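So the structure is just underneath, and the comments pick up after that.
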Amino acid sequence: MTSVLTDTAVNQALLEYETFQELTEIAAELGCPPIEMSTASQSMMAAITHSSFGKPRRIFDTAYGKPDCGLPLPGGHGQNFEILAGIYRNMYEQGIRYVWLGNVDNLGFTVDPVSLAVFALSGTDAAFEASYRTPMDVKGGILVSDRQGKITCADIGPAITIEKVHEFETEGKHILFNCGIGLFDLKKLIEHLDFIPYELPLRITDQDKDAGLYAQMEQITWEIIGLIPKPFFFAVEKSKRFVASKMLMENIITSLPPDNHNASEMGKISGQMHKGLNDLLKTEYLLNLQNKRWVPDA
């Protein structure tokens, strides 16, 4: 899914990928196109005023200190169920029966035939992957349940504060972190596409960035867990299935672990994530480390 700001660049990149030598060689052996991707553009939403300005909220119109200047923002990846609805239906018409949803900035988001087989045999609507939360996980979602025991995903920031998360952990509770990988029965997903956009919560989050103090409205993909009667979960190792590359500090911690991994809890996690990254690059991406650079197999 793209936006009006990224659509042109993404589609240009997809055209360039079609001529990549590595892809064309593999495609020739397999008898398939070098690349076969579909996308759709997400509309932008206006930022609204920060909570400190009170209610009722209104359109934020002083972006970057300029009067009568709004700030267009994407409405969150939860809008994929509306924006990509046509693509999901086309995939089903092509004979595809199961689809994965995941974040492009997660290097651990790869095809896993074992989990696909288990999920297909389970007969459930959707499956999600979770691991224990670590101190690195200050963004993303955690699994929570309501008073009736219904499980859903609460994003840290938009739906639950990091202080509340720390409070639970101080009480000795183990928190399951959502790895941002969902596996769906495509037929069952399509049956609900017309309703999901109206059932997913709209989260409002205060922001303090270069444009000023404002609030962003967004829908979050993983809150669909709360809409599924009996969601299926896979317990996974974070270092294998969630190697995020979103924030600068995540990249540094994962790529440059300390020499002594036992020096601190974060140092130990850094060592685990670094090993996970190396294993992924070798086994999933088929790269070799040569002269401190990861390069494709010859």
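A quick note: this is a predicted structure, and the numbers were derived from the prediction, not measured.
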Please identify each residue that fulfils salt bridge (Lys or Arg N to Asp or Glu O under 4.0 Å) with Glu169, with sequence neighbours left out. Arg133
Between the main-chain N or O of Lys275 and the side-chain N or O of Asn278, is there a donor-acceptor pair closer than 3.5 Å? no
Does any non-hydrogen side-chain atom of Ile26 lie less than 4.5 Å from one of Glu29? no
Hey, is the main chain of Met266 close enough, under 3.5 Å, to the side chain of Ser270 for a donor-acceptor pair? no
Would you compute the distance between atom OG of Ser38 and atom CE of Met91 and round it to the nearest 0.5 angstrom? 8.0 Å
For Glu237, give me all partners under salt bridge (Lys or Arg N to Asp or Glu O under 4.0 Å), at least two apart in sequence or on another chain. Lys240
Before giving the answer on side-chain hydrogen bond (donor to acceptor under 3.5 Å, both in side chains), spell out for Thr221 and Asn80 the whole-Å C-alpha distance, their side-chain angles and the decisive distance to 0.1 Å. CA-CA 8 Å; Thr221 297; Asn80 83 87; 3.3 Å; yes
Could you go through the side chain to side chain contact (heavy atoms under 4.5 Å, CB included) check for Tyr214 and Thr62 one step at a time? CA-CA 9 Å; Tyr214 62 91; Thr62 55; over 6 Å; no
For residues Ile224 and Ile196, determine if any side-chain heavy atom of one lies less than 4.5 Å from a side-chain heavy atom of the other. yes
Test side chain to side chain contact (heavy atoms under 4.5 Å, CB included) applied to Leu227 and Phe195, step by step: CA-CA 10 Å; Leu227 304 180; Phe195 310 103; over 6 Å; no
Working for side chain to side chain contact (heavy atoms under 4.5 Å, CB included), residues Glu223 and Arg203: CA-CA 11 Å; Glu223 292 201 74; Arg203 299 295 181 184; 2.8 Å; yes
Ring centers of Phe20, Tyr17 separated by less than 6.0 Å: yes
Ile220 versus Cys153: any side-chain heavy-atom pair under 4.5 Å? no
Are any side-chain N or O atoms of Asn106 and backbone N or O atoms of Val243, one a donor and one an acceptor, separated by less than 3.5 Å? yes
Quick check against the 3.5 Å criterion: does Gln219 have a side-chain atom that pairs as donor or acceptor with the backbone of Leu200? yes
Between Glu25 and Gln21: side-chain donor-acceptor atoms closer than 3.5 Å: yes
Return yes if a side-chain donor-acceptor contact under 3.5 Å exists between Ser245 and Asp105, otherwise no. no
Does the Thr254 side chain pair with the main chain of Met273, one donor and one acceptor, at a distance under 3.5 Å? no
Between Glu250 and Met247 (side chain of the first, backbone of the second, donor and acceptor by atom type, cut-off under 3.5 Å), is there such a pair? yes
Polar side chain donor-acceptor pair, Thr152 to Asp146, under 3.5 angstrom: no
Contact between Leu143 and Phe233 at the side-chain level, heavy atoms closer than 4.5 Å - yes or no? yes
With a 4.5 Å limit on heavy-atom distance, are the side chains of Lys238 and Thr134 in contact? yes
Of all residues at least two apart in sequence or in a different chain, which pass the ring pair (Phe, Tyr, Trp, His ring centres under 6.0 Å) check with Tyr88? none
Under 4.5 Å side-chain linkage, directly or through intermediates, the cluster mates of Phe168: Ile142, Val144, Ile156, Ile160, Ile162, Val165, Ile175, Phe177, Phe242
Relative to each other, are the rings of Tyr132 and His174 parallel, tilted or perpendicular (30° and 60° limits)? tilted
Is the shortest distance from a Lys or Arg side-chain nitrogen in Asp206 or Arg57 to a carboxylate oxygen in the other one below 4.0 Å? yes
Pairs where residues 2-20 contributes a residue and the test salt bridge (Lys or Arg N to Asp or Glu O under 4.0 Å) is met, not counting sequence neighbours: none
Would a 4.5 Å heavy-atom cut-off, applied to side chains only, mark Trp100 and Leu183 as touching? yes
For Lys246 and Asn251, indicate whether the former's side chain and the latter's backbone hold a donor-acceptor pair under 3.5 Å. no
Which heavy atom in Asp185 sits nearest to a heavy atom in Thr124, and how many Å separate them? CB-O, 4.1 Å
Does any part of the side chain of Tyr92, heavy atoms only, come nearer than 4.5 Å to the side chain of Leu189, both counted from C-beta? no
Under the salt bridge (Lys or Arg N to Asp or Glu O under 4.0 Å) test, which residues partner Lys188, sequence neighbours left out? Asp125
Would you please indicate yes or no on a ring centroid separation below 6.0 angstrom for Phe119 and Phe184? no
About how many Å separate CD1 of Ile253 and CE of Met136, when rounded to the nearest 0.5 Å? 5.0 Å
Distance under 6.0 Å and angle within 45° of the ring axis: does Arg241 meet both against Phe109? no
